[in-house]
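To start, the structure itself, in structure tokens.
Letters A, B, ... mirror the listed sequences (proteins, then strands); counts begin at 1. Treat the numbers as computed from the prediction; the structure is a model and nothing was measured.
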Amino acid sequence: MRRPHRRIETQLTVVGTGIAGFAAALFARARGLDVAQVGHSGALAYTTGYLDLLGVADGRKIADPWAGLDALRMTEPGHPFGRLANADIRAALDAFIGEVNAMGLGYTPAGAANLTALLPYGVTKPTLSLPETMWPGAAALAERAPALIVDFAGLQGFSAAEFAANMAAVWPGLATARLAFPGMESLQVFPEPMARALETRETRAAFVARLRPHLGAVTHVGLPAILGVHRPDTVRAALEAELGVTLFEIPTIPPGVPGIRLRELFERHLPGRGVALEPNLKAAEARLDPSGITLALHGPMEDLDIRAEAVVLATGRFLSGGLRAERSGIRETLFGLPVAQPDGREAWFRPAYFDPRGHPVNRLGLTVDDRFRPLDAAGAPVHPRLHAAGAVLAGQDWARSRSGAGLAIASAWAAVNAAGAELGSSPGDPGPTTAPGAAPAQEPGTA
Amino acid sequence: MNAPTERPEIDFLAVARALMPAGATTDACVGCGLCASGCPAAGLFGMDPRRFVNMAALGMNEALSTTPWVWACTQCKRCAYVCPMGIDVSLLVGVARGAWPDDEKPKGIVRSCAAQRLDASTSAMGVRSEDFVEIVEETAEELRESDPRFADLRVPMDRKGAMFVVNQNSREPAVEPEEMGPMWKIFDYVGADWTYSSKGWAAENFCMFTGDDAAWKEMVETRVDAINALEPQVWINTECGHSFYTLWKGIERFGLEAKFEAGSLVSYYAQWIREGKLPVNADWNTLGVKFTVQDPCQLVRKSLGDQAAEDLRFVVKTLVGEENFIDMTPSRQANYCCGGGGGFLQAGMNDERRAYGKRKFDQIAATEAAYVLTPCHNCHSQIEDIGGHYHGAYHVTHLWTLICLSLGILGPDERKYLGPELAGINLPEEA
């Protein structure tokens with residue numbers, strides 16, 4: 001049987017479907033660029049849903065991420081944040097949060113200071129923007145509001161009693177309860193199916209009936225993140241109306257709902273915004289030539305070539321497949337780009353796992369110029385229109401510094417703006433993009 | 001189902017290493033559980049995809065060789081879709097199925113495969129080639145007599161050199177032949193150059209579901225030979241999911257020579273609408289009846305990807321009105337299997353199958369749509385069944401029904417899957 005061969009031509013192709021990749025695709029469409037995006041499930045589903053900018057510096061939680069960034073530029077001049085001004089980072093976050101809100105998933109605006117957000121084991125972390133379903137938890141903690149924490153029989157990795165015990169010093173008097181989730185009484189349960197079930201009126205009614213007897217005099221109820229996948233703000237509002245209390249979600253360990261929400265939100269909305277999205281195809285091979293970049297992909301029934309004038313590489317590190325550790329060193333998997341790395345495997349890790357300085361292996365990746373273009377061994381851009389964004393960038397330890405989303409979004413912003421300028425597009429309105437199917441501005445040289 | 005007695009010992013880890021695509025290995029499993037969280041079969045028979053992979057890595061081959069869960073997994077590949085490492089548990093499940101002794105496999109699947117091997121028709125419902133030719137001709141004659149607009153309708157059989165060879169699920173000729181009419185009318189309307197083949201026409205393949213590769217190959221060979229003999233440009237798969245996957249995948253897997261392209265009827269509906277040959281619209285839907293769509297896993301995630309999902313949505317939105325279409329979430333390539341696939345409908349495990357289908361039912365219920373449209377017979381049957389079981393208030397309908405409804409050519413006896421509110425809409429003028 002003849003195997004169909006499809007070819008698409010784009011101005012900008014985003015490789016990667018994590019926060020950086022989706023942010024890049026949205027920013028590029030907002031500039032009117034003609035965009036394709038390819039990737040696979042990657043690591044997006046592992047997020048708490050919080051959008052961190054900079055939560056930790058020198059091993060300590062920080063309250064002001066903007067001042068923290070100023071300090072970081074002094075202490076770590078090679079950090080990707082060092083190539084970005086605070087005003088650009090803020091513009092990027094505002095644009096991303098605006099897009100997500102416009103797609104129907106509520107997030108709080110990025111403010112001047114970090115918020116204290118809840119984590120599943122009864123600890124907290126500093127972050128800058130929270131899903132609307134989680135924001136009341138941070139507010140309730142600040143007020144020490146009388147609250148009930150609920151967990152579920154058969155749900156692993158989330159214990160209300162543990163949460164209350166670990167919180168006791170800062171949030172005394174938390175009540176706890178364990179419920180059997182309606183229709184899932186005899187199973188090991190996962191947050192995802194519970195969240196989907198709560199999108200139906202029938203399950204919401206059964207859930208309300210089970211929760212109501214435990215309310216007592218509390219004003220707030222904290223739940224693992226299960227308030228729907230597709231319309232969490234609506235689900236939360238519907239349940240609050242029935243229960244007469246304020247509900248808030250606490251993120252769970254993977255596999256958790258907040259990341260699945262983001263992934264499905266982008267999968268659902270980006271095609272309608274004109275992004276040619278292949279959410280389940282990894283770029284297998286890539287070829288650079290002076291006029292552009294060609295990516296080869298192999299689907300179940302067809303081969304696909306994508307011809308791009310510019311590329312934003314947002315493939316992440318090891319878990320997402322952007323980097324691969326091999327016997328002789330660490331390799332960038334698609335283009336074979338130079339990876340800034342220590343000499344030899346023995347230097348990847350320090351002897352102490354909890355060394356406050358972190359480990360060299362967690363700071364390696366692609367070295368880029370001010371336009372976020374990966375550099376070759378001689379320090380020149382590998383290709384004039386090949387850019388990189390997100391966790392694949394060298395010189396940062398996003399996990400340790402609690403800066404993953406902020407770094408992804410801000411570097412995607414910078415990479416897209418640089419690519420857009422090279423392609424001759426002007427910066428568009430950084431707010432939400434236009435209606436589905438809106439025609440991209442035609443640029444010279446595109447088919 | 002009793003634990004089987006004698007069967008070959010399978011080294012599942014070795015199988016995994018051999019079958020996984022480049023870069024995907026069970027060793028790479030980080031144990032995150034996205035596969036299990038996203039799998040409607042998780043928890044049935046105490047098994048889920050993560051556990052299956054973990055047990056393979058631990059060498060627990062006997063337990064994996066005997067768990068009846070392999071018949072509850074519909075091999076929908078959603079686990080591979082959500083796994084950052086691309087680990088595809090359905091491949092292991094296929095090997096495990098094949099190692100079960102035939103007399104211990106679910107009887108419904110085995111019997112259906114055996115029936116397919118009895119006659120060149122490859123029909124799982126025992127419709128032989130000569131029966132099919134006769135049923136088609138009788139049904140076409142009734143249609144010509146009952147509707148003067150189609151007095152000249154022809155249903156070509158074994159016409160060499162036609163552009164399209166089209167297959168036919170056995171359910172229609174076997175139990176509801178009048179349901180073949182709408183598709184014929186659509187072909188007639190657009191002037192399609194098409195034919196059935198009297199051999200290998202059946203659009204079902206339970207042999208693939210038995211895990212017996214030799215039987216799967218035999219089915220595909222019979223069909224490919226029959227299609228090749230008619231020399232079409234394209235083989236069009238009817239509104240059915242697995243019959244599409246089983247053929248193209250079988251051709252690739254067994255290295256067969258197919259002198260045609262494989263196409264989906266849904267994509268042709270979309271093409272004909274775009275070309276203006278099928279001038280359907282939503283004018284009939286004055287009541288604002290709401291519709292949702294089930295993406296067949298075999299057609300979308302396992303075969304054509306989001307292009308097929310796009311075509312499906314384009315057709316449905318054109319037919320019912322954009323404002324009357326409510327998508328399920330998740331959908332497209334991330335869609336949940338309904339629980340009718342993989343032979344589960346025929347496996348005799350009704351309690352487990354309905355437990356599996358609860359997630360699909362919840363998805364449909366969340367849309368609050370009155371109709372589910374799906375171009376897949378197994379989806380159709382399963383979604384109807386769980387609708388009854390969980391007291392859903394929706395109907396399940398083929399696309400051809402709505403296309404003919406919109407065109408005003410859907411006869412009164414072609415409306416069995418419509419509810420009362422649509423039963424009288426756009427009836428053709430009396431003869």
Side-chain angles (χ1 to χ4, degrees), chain A residues 1-4 6 40-46 154 156-157 183-184 186-193 196-203 228-231 253-257 259-260 263-265 267-268 271 276-282 284 298-302 304 316 319-321 324 333, chain B residues 22-23 30-40 42-44 46 48 80-86 224 235 245 247-249 251-252 256-262 301-307 309-310 327-334 336 355 358-359 361-368 390:
Chain A
M1 185 157 38
R2 199 170 64 80
R3 187 175 165 87
R6 187 158 57 100
H40 68 123
S41 77
L44 180 53
Y46 299 145
Q156 296 180 344
M184 300 182 193
S186 58
L187 297 169
Q188 180 188 346
V189 295
F190 293 97
E192 181 184 352
R196 305 229 191 255
L198 281 175
E199 288 177 349
T200 68
R201 292 173 201 271
E202 185 189 13
T203 305
V229 174
H230 167 45
R231 302 182 296 169
I253 61 168
V257 165
I260 296 171
R263 165 92 186 168
E264 291 186 3
L265 183 81
E267 282 186 351
R268 199 162 63 242
L277 175 66
E278 287 289 348
N280 196 28
L281 273 189
K282 290 175 84 165
H298 309 294
M301 287 192 75
E302 67 166 7
L304 174 63
L319 190 58
S320 306
R324 185 180 173 87
T333 53
Chain B
V30 295
C32 73
L34 273 172
C35 55
S37 162
C39 170
L44 301 176
D48 65 49
Y81 182 83
V82 298
C83 175
M85 303 299 169
V224 167
W235 163 72
Y245 178 81
L247 196 89
W248 78 258
K249 190 68 183 178
I251 289 166
E252 180 186 284
L256 305 179
E257 192 192 357
K259 300 172 184 168
F260 51 84
E261 290 174 32
R301 182 164 51 246
K302 294 177 72 171
S303 296
L304 293 166
D306 280 351
Q307 284 191 96
E310 266 311 310
D327 222 340
M328 286 186 227
T329 57
S331 63
R332 301 167 188 262
Q333 287 189 73
Y336 286 122
K358 180 64 163 58
R359 207 178 294 201
F361 178 80
D362 282 349
Q363 267 191 299
I364 296 168
T367 68
E368 301 185 354
Y390 293 114

As a quick check of understanding, evaluate side-chain contact (heavy atoms from CB on, under 4.5 Å) for A/R196 and B/Y336, giving each step before the final call. CA-CA 11 Å; A/R196 305 229 191 255; B/Y336 286 122; 2.6 Å; yes
Let me confirm one number: the CD-CD distance from A/E199 to B/E368, rounded to the nearest 0.5 Å. 11.5 Å
Residue pair A/R6 / B/Q307, side-chain heavy-atom distance below 4.5 Å: yes
Could you have a look at B/G305, B/A36, B/A365 and say which one has the most heavy-atom pairs with chain A under 4.5 angstrom? B/A36
Contact winner vs chain A - B/G33, B/A42, B/S37, B/G43, heavy-atom pairs under 4.5 Å: B/S37
Kindly determine whether A/I260 and B/V82 satisfy side-chain contact (heavy atoms from CB on, under 4.5 Å), including the steps that lead there. CA-CA 10 Å; A/I260 296 171; B/V82 298; over 6 Å; no
Check the pair A/F190 / B/L34 against side-chain contact (heavy atoms from CB on, under 4.5 Å), numbers first and verdict last. CA-CA 9 Å; A/F190 293 97; B/L34 273 172; over 6 Å; no
Could you please spell out the steps behind the side-chain contact (heavy atoms from CB on, under 4.5 Å) verdict for B/D306 and A/L277? CA-CA 9 Å; B/D306 280 351; A/L277 175 66; 5.7 Å; no
Answer yes or no: are there more than 12 heavy-atom neighbours, outside A/E302 itself, under 6.0 Å from its atom CD? yes
What is the minimum heavy-atom distance between A/T200 and B/D362, and which atoms define it? CG2-O, 3.2 Å
Going from CG on B/D327 to CZ on A/R268, what distance comes out if it is rounded to the nearest 0.5 angstrom? 8.5 Å
Between B/L304 and A/M301, the two heavy atoms sitting closest are CD2-SD, 3.7 Å
Check each atom of B/K302 against the heavy atoms of chain A and say whether the ones under 4.5 Å are side chain, backbone, both or neither. backbone
Heavy-atom closest contact (A/E267 atom, B/A334 atom, distance): OE1-CB, 3.6 Å
Hey, could you give me the CD/CZ distance between A/E264 and B/R332, rounded to the nearest 0.5 Å? 12.0 Å
Answer whether the closest heavy-atom distance between the side chains of B/V30 and A/L319 falls below 4.5 Å. yes
Is chain B contacted by the side chain of A/Q188, its backbone, both, or neither, given a heavy-atom distance below 4.5 Å? side chain
In short, A/P255 meets B/C32 closest at the heavy-atom pair CD-O, 2.9 Å
Under the 3.5 angstrom rule, does the side chain of A/S41 hit a backbone N or O of B/C83 as a donor-acceptor pair? yes
I need the minimum non-hydrogen distance between B/F260 and A/M1, along with the two atoms involved. O-CG, 3.2 Å
Is atom CZ of A/R3 surrounded by more than 12 heavy atoms (other residues, nucleotides or ligands) closer than 6.0 Å? yes
Closest non-hydrogen contact found for A/P300 with B/E252 is O-OE1, 4.0 Å
Of the listed residues (B/A258, B/P84, B/A366), which shares the most heavy-atom pairs with chain A below a 4.5 Å separation? B/P84
Chain A heavy atoms under 4.5 Å from B/E261: which part of the residue, side chain, backbone, both or neither? both
